[in-house]
Amino acid sequence: MGQPAERESGERTAGEGARFELPPGQRLQKGWPVTHYGPVPRFRPERWDFRVFGATADGSRPRWNHEEFTALPYRSVVADLHCVTKFSMLGAEWGGVPARTVLELAPPAPEVTHVMVWAEYGFSSNLRLADFSSERTLFATHKDGELLTAEHGFPLRLVVPHLYAWKGPKWVRGVEYMTTDRRGFWEERGYHNVGDPWKEQRYSYQEEPGEGPEL
Ligand SMILES: Nc1nc2c(c(=O)[nH]1)N[C@H]1C(S)=C(S)[C@@H](COP(=O)(O)O)O[C@H]1N2
Ligand SMILES: [Mo]
């Protein structure tokens, strides 16, 4: 399907001969730090759901409980994590439900151009539909074969391999289909609306016309 902005960087198989490449201005991080704003939410399985709302094709608001969502087809994606504060973690194997599966089960209306991915405590991040519908964009439940830990986003986090990591909310609860773009949590606080690490799109003042809603 030739999605834009897909990158080779996540396509390596970890191991001998792997050629690791860092986006400009990034340095390698040993281990896996925890980075987020605010407290770690407690998971309450009986209250948890995943909702799709906004401009769905048929006007419905599909909802999955935890058991239903985690029963959806499981795929894995090897991808890097690039934090805008300049560290990168390379070659994690993420497992979970592809964003494309959600798009197939809950199709957006034809006018949809962007999505807002919503997480606990109102955290959000906006994405172009083209970025969300990349075949490598994943709602991850696992990393390197193990369930995510609470501080890394259990039970669900979004991974968008070709964008800075703030574009991937931890503790995701749903997706809003949008017919115009709107800034999410960090995008309202000075980070770039698109966030491509290979173009070093870190801050909103770098945005070119058309890359984001009026500031
Ligand atoms: N809900 C939520 N998700 C979030 C964030 C946040 O503040 N809140 N921070 C993002 C940022 S800036 C980064 S770098 C990654 C860090 O993921 P990690 O803590 O698993 O390394 O989570 C992203 N997801
Ligand atoms: Mo980050």
Side-chain angles (χ1 to χ4, degrees), residues 1-15 18-23 50-52 54-57 62 64 68-83 88-119 124-145 147-148 152-153 155-170 172-179 181 184 192-199 201 211:
M1 275 195 66
Q3 291 298 324
E6 296 225 352
R7 301 290 171 185
E8 306 255 302
S9 66
E11 259 137 44
R12 68 180 62 91
T13 46
R19 189 174 61 91
F20 294 121
E21 203 187 325
L22 285 171
F50 182 93
R51 288 167 191 255
V52 179
T56 55
W64 289 266
E68 291 162 343
F69 194 84
T70 52
L72 295 175
Y74 183 94
R75 296 278 177 281
S76 59
V77 170
V78 176
D80 306 331
L81 185 152
H82 306 297
C83 177
S88 290
M89 191 186 77
L90 299 181
E93 189 201 327
W94 304 93
V97 178
R100 283 196 183 178
T101 301
V102 171
L103 288 164
E104 279 161 29
L105 296 173
E111 314 81 75
V112 170
T113 54
H114 294 79
V115 304
M116 189 73 78
V117 179
W118 288 97
S124 62
S125 185
N126 60 315
L127 294 163
R128 300 179 295 198
L129 183 60
D131 293 318
F132 183 69
S133 62
S134 159
E135 66 179 359
R136 305 189 65 235
T137 299
L138 190 74
F139 288 100
T141 53
H142 290 71
K143 182 191 161 267
D144 296 324
L147 275 180
L148 293 171
H152 287 300
L156 196 68
R157 74 182 290 168
L158 186 71
V159 174
V160 189
H162 62 281
L163 299 179
Y164 283 118
W166 88 78
K167 289 287 188 182
K170 304 194 278 193
V172 174
R173 291 293 300 276
V175 184
E176 176 185 357
Y177 293 159
M178 307 196 295
T179 55
D181 198 6
H192 197 284
N193 192 58
V194 177
D196 181 341
W198 300 92
K199 296 183 182 158
Q201 294 176 332
E211 287 181 336

| Can you list the residues that meet the ring-ring contact (aromatic ring centres under 6.0 Å, His included) rule with Y177, with sequence neighbours excluded? | none

| query | Got a sec, which residues hit ring-ring contact (aromatic ring centres under 6.0 Å, His included) with H114, two or more places apart in sequence or on another chain? | reply | none

Salt bridge (charged side-chain N to carboxylate O under 4.0 Å, His left out) partners for [X], two or more places apart:
X    : answer
K170 : none
R75  : none
E211 : none

side-chain hydrogen bond (donor to acceptor under 3.5 Å, both in side chains) with [X]: which residues, sequence neighbours excluded?
X    : value
S76  : E93
S88  : Q26, H82
W118 : E176

side-chain contact (heavy atoms from CB on, under 4.5 Å) with [X]: which residues, sequence neighbours excluded?
X    : value
T141 : T70, Y74, L156
E111 : A109, T179
A99  : F132, T137, F139

| message | Please list all pairs meeting salt bridge (Lys or Arg N to Asp or Glu O under 4.0 Å) that have one or both residues in residues 159-169, counting only residues at least two apart or in different chains. | response | K167-E187

| message | Strictly distance-based, threshold 3.5 Å: is any side-chain N or O of R136 a donor or acceptor partner for the main-chain N or O of V78? | response | yes

| Between the side chain of D196 and the main-chain N/O of L163, is any donor-acceptor distance below 3.5 Å? | no

| Are any non-hydrogen side-chain atoms of L90 and L22 less than 4.5 angstrom apart? | yes

